[in-house]
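So the structure is just underneath, and the comments pick up after that.
Naming: A, B, ... by sequence-line order, numbering from 1 per chain. What you see below is based on every heavy atom in this structure, not just the backbone, and it leaves out hydrogens, waters and symmetry mates.
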Amino acid sequence: MATRLLPTPSAVPPPIRALNTTTSNSSKRSDYLAVKTKAEDHPVLALLDDYSRLDAKAIRRIHGRMLRLGLLGHPYSASRLLVACSLSPSADLPYARQLFDHLPAPNLFTWNTLIRAHASGPDPRLALFLFSRLLRHSPHSPDKFTFPFTIKAAAELSALRDGTALHGMIAKSPLFRSDIFILNSLIHFYAACRELDLSLRVFEMISERDVVSWNSVITALAQGGRWDEALQLFEEMENENVRPNDVTMVSVASICGKKGDLELAKQIHSYIEQNGIRQSLILDNALLDMYVKCGSLEEAELLFDSMTSKDSISWTTMLVGYAKLGCLDAARRLFDQMPKRDIASWNALISCYEQSGHPKEALDLFHELQHADAKPDQVTLVAVLSACSQLGALEVGCWIHAYIKKNNVELNCHITTSLIDMYSKCGDLDKALNVFSSVNKRDVFVWSAMIAGLAMHGRGREALNLFGKMQEAKVKPNMVTFTNVFCACSHAGLVDEGRLYFSQMLPVYGIAPSAEHYSCMVDILGRAGLLEEATEYIESMPMPPGASAWGALLGACAIHKNVELGELACERLLELEPRNHGAYVILSNLYARSGKWDAVASLRKLMKDASLKKEAGCSLIEVHGAVHEFLVGDISHPLKERIYLQLDEIALRLKAAGYVPNRKLVLQDIEEDVKEKALYLHSEKLAIAFGLISTCSPAPIRITKNLRVCDDCHLVAKLVSSIYNRDIILRDRYRFHHFTGGSCSCMDYW
DNA sequence: GTAGGGTTAG
């Protein structure tokens, strides 16, 4: 036990000289040595020389011996022990603090060591507390070593006020205000607080800048996105005869990766080789990352194969490289080959799957992870929640939420946002609202996610109310917030509100409307039938209208049967995206609705000649934690016989209720309507049939579809909800439909 | 006897 080893202040052993005269029970050899040696070179201390190799147990043993020998009363030897227990890889900071608190006379070195350890420990605030204790309750004053450690703590915390106060103390002392170590740490500190101009000001004040000064300021600019200024300084440093080193090149490589400039990448690589820059694993990793980001996996592979030592970052960087090129199999192979996988490697592959449209694989890998000896962290959970959102996998999502609670994972804004997004997109808006109201930290992303959730469920008014509350809470909206607000207006038909918020964006909120925001307005106005005004918004765009603006106009024309304007919009859209099959389909629907069957036929031929295929319609339904996938006319499901029997029964009961299939829309923006029967076999109908078989009332049937739901399926879902007395919650590409008692939450406006 | 700057996943 630690506490037994620690002397209480009253039991502090007598000074070392007294020890020499005692006749204790300890062995003769020990006494003999004690007589001959000073405390500074007592042989016990030699055990602490190599403290980085000592584990916690060994340190406690030494502590015990020193206590018995009375060595802790001597400031120097006590400090040696404190270094070991606060700086060794198996450091135990609470233990170090206890030891420190029992030292009769800690010297300044000891204070510095403890502050140093806490500055890079799990809670850097403790370093600041120690610093103020040093000022108030010790006979010492901070020296040129104390400041860099304390400033580091302030940087870790991005504590601008504390750091500025430290800077103030430093400025008063002629000795400290010109100390290069202190000044360099201030450069880093201001950068950590995102005060780049203050960083630059400190840098410019230094009369004799060394390589660390240059590196600090170049890194600050690189991380703050001011790449060209950083590269300019990199050139200037040579003019000032400061030779760049490996650390400089890490930042330069990182900038080059962000710029994605392969030519520059090769220049940097040969610069390193020609100037004899020291090789290091970190630099090699940075170069790997640079090549991956510049899109040259060949160069990355060459370097990777030539590296003599690799760590999990090297492997993970390569893995991401393969995944970015869409080579997910190669990424997986690399993952399997890795000699050591840390949680970041798992996260990288899970995120790769999740972000490249393979959410199912992401969840499979998450299950593998749980059987391996890695522990999911917040990044993992964010990625897996996003995979659930994509799949509409509510049960898995709930399970992850439970996991978060059970393991006391901190609900930071990232996780909160992901949970709200998951519950919203999996159709359980109440749970999303619960999460939202249960947290007390809400940043702009949390608010925006909740607004988006309400919007996609058609609860536009509530979304706008929440937008008002967000401002009462003094959280500034960003670009995404406005997109979500407009989405709410669009789904609920709130035209006036849309216009109002759009007009306020720049003057009130200081956010210039982006092309996406203009497209939202075109959508809001177009859906409401205000095609002329929608066109005016397009014409007034300060940037060239993108595909989304023309797409929104085209969709509106299809709803309101405006062939002429629809053709124009489609033409513009195809100029920008020649292979956008959706555009052909919507135009064809427009022709069909207006009875222009010749035009429908020629459009079909055009599509065929261009060998454009529609994206296959696909519906997902989660039952007991497993996600089942249905394509149109799918016969691959193990329960296919029962599913098709159920479909027949549905058809009979619907007919009895007077339902007539709506075959007019042969080419909805839905899914390939190859044959007559296809309508009857749309993926969402298969999923509904499966849902009826495999779940029981009152649980709603939850379905996620990749495309928009067609008129016919929408009608069928309404009827099923009343005939079978089952709620259906269907998520399509754009929004949610809650079917209950024969009607839909979208009020047939979608 | 002590110090400052760096790479991956979101």
Legend entry - Side chain of Gln355(A) - closest among dG1(B), dA9(B), dG10(B): dG10(B)
Inset, instruction - Would you mind reading off the distance between Tyr322(A) atom OH and dT8(B) atom P, rounded to a whole angstrom? - result: 19 Å
Inset, instruction - May I ask you to decide if Phe181(A)'s main-chain N or O and Ser185(A)'s side chain share a donor-acceptor pair within less than 3.5 Å? - result: yes
Legend entry - Short side-chain to backbone donor-acceptor contact, Asp123(A) and Arg125(A), under 3.5 Å: yes
Inset, instruction - Could you state the atom-to-atom distance from CZ of Phe149(A) to C1' of dA3(B) in whole Å? - result: 5 Å
Inset, instruction - Please determine if a side-chain N or O atom of Lys293(A) lies less than 4.0 Å away from the OP1 or OP2 oxygen of dT8(B). - result: yes
Inset, instruction - Determine the contact category for Asn245(A): base if any of its heavy atoms lies under 4.0 Å from a base atom, sugar-phosphate if only primed atoms, P, OP1 or OP2 are that close, otherwise nothing. - result: base
Legend entry - Selected nucleotide, minimal atom distance to Val250(A) side chain, candidates dT7(B), dA9(B), dT2(B): dT7(B)
Inset, instruction - For Asp49(A), report the nucleic acid contact type (base, sugar-phosphate, nothing); a contact means any heavy atom under 4.0 Å. - result: nothing
Inset, instruction - Assess whether one donor atom and one acceptor atom, taken from the side chain of Ser280(A) and the base of dG6(B), lie less than 3.5 Å apart. - result: yes
Inset, instruction - Look at the side chain of Thr113(A) against the base of dG1(B) and say whether a donor-acceptor pair falls under 3.5 Å; ignore hydrogens and angles. - result: no
Legend entry - Distance in angstrom units between Phe109(A) CZ and dA3(B) C1', rounded: 11 Å
Legend entry - Close side-chain approach of Phe109(A) to Phe145(A), heavy-atom, < 4.5 Å: no
Inset, instruction - Look at all strands and tell whether Leu287(A) reaches a base, only sugar-phosphate, or nothing, counting heavy atoms closer than 4.0 Å. - result: nothing
Inset, instruction - Find the distance Leu349(A):CG to dG10(B):P and express it as a whole number of Å. - result: 11 Å
Inset, instruction - Starting at atom CG of Asp342(A), determine the distance to atom C1' of dA9(B), rounded to an integer number of angstrom. - result: 9 Å
Inset, instruction - Quick one: which residue pairs count as a side-chain hydrogen bond (donor to acceptor under 3.5 Å, both in side chains) with a foot in residues 352-365 of chain A, not counting sequence neighbours? - result: Glu354(A)-Ser386(A), Glu354(A)-Gln390(A)
Legend entry - Separation of atom CG in Leu365(A) from atom P in dA9(B), rounded to whole Å: 17 Å
Legend entry - Side-chain N or O of Arg116(A) closer than 4.0 Å to phosphate OP1/OP2 of dA3(B): yes
Legend entry - Ile282(A), nearest nucleotide to its side chain (from dG6(B), dT2(B), dG10(B)): dG6(B)
Legend entry - Short side-chain donor-acceptor distance under 3.5 Å, Thr481(A) and Asn484(A): no
Inset, instruction - Check every atom of dT2(B), dT7(B), dA9(B) against the side chain of Asn285(A) and return the nucleotide holding the closest atom. - result: dT7(B)
Legend entry - Which nucleotide in dT8(B), dG1(B), dT2(B) has an atom nearest any side-chain atom of Ala344(A): dT8(B)
Inset, instruction - Measure the distance from CG on Asn112(A) to C1' on dA3(B) and round it to the nearest whole Å. - result: 9 Å
Inset, instruction - Please work out whether the ring planes of Tyr291(A) and His269(A) are parallel, tilted or perpendicular, with thresholds of 30° and 60°. - result: tilted
Inset, instruction - Between dG10(B), dA3(B), dT7(B), spot the one nearest the side chain of Ala286(A), thanks. - result: dT7(B)
Legend entry - Parallel, tilted or perpendicular, as decided by the 30° and 60° cut-offs, for the rings of Phe234(A) and Tyr271(A): perpendicular
Inset, instruction - Give Gln223(A) one of three labels, base, sugar-phosphate or nothing, depending on what nucleic acid heavy atoms sit under 4.0 Å from its own. - result: sugar-phosphate
Inset, instruction - Among dT8(B), dA3(B), dG1(B), find the nucleotide with the atom closest to the side chain of Phe181(A). - result: dA3(B)
Inset, instruction - Look at all strands and tell whether Ser314(A) reaches a base, only sugar-phosphate, or nothing, counting heavy atoms closer than 4.0 Å. - result: nothing
Legend entry - Sugar-phosphate only, base, or nothing, as touched by Ser254(A) at under 4.0 Å among non-hydrogen atoms: nothing
Legend entry - Side chain Asp246(A) and base dG6(B) donor-acceptor under 3.5 Å: yes
Inset, instruction - Could you please name the option among dG6(B), dG1(B), dT8(B) that lies closest to any side-chain atom of Ile313(A)? - result: dT8(B)
Legend entry - Nucleotide dA9(B), atom C1' - distance to CG of Leu369(A) in whole Å: 13 Å
Inset, instruction - Classify the nucleic acid contact of Asp289(A) as base, sugar-phosphate or nothing, counting any heavy atom under 4.0 Å across all strands shown. - result: sugar-phosphate
Legend entry - Closest to side chain of Asp179(A), choosing from dA3(B), dT2(B), dG1(B): dA3(B)
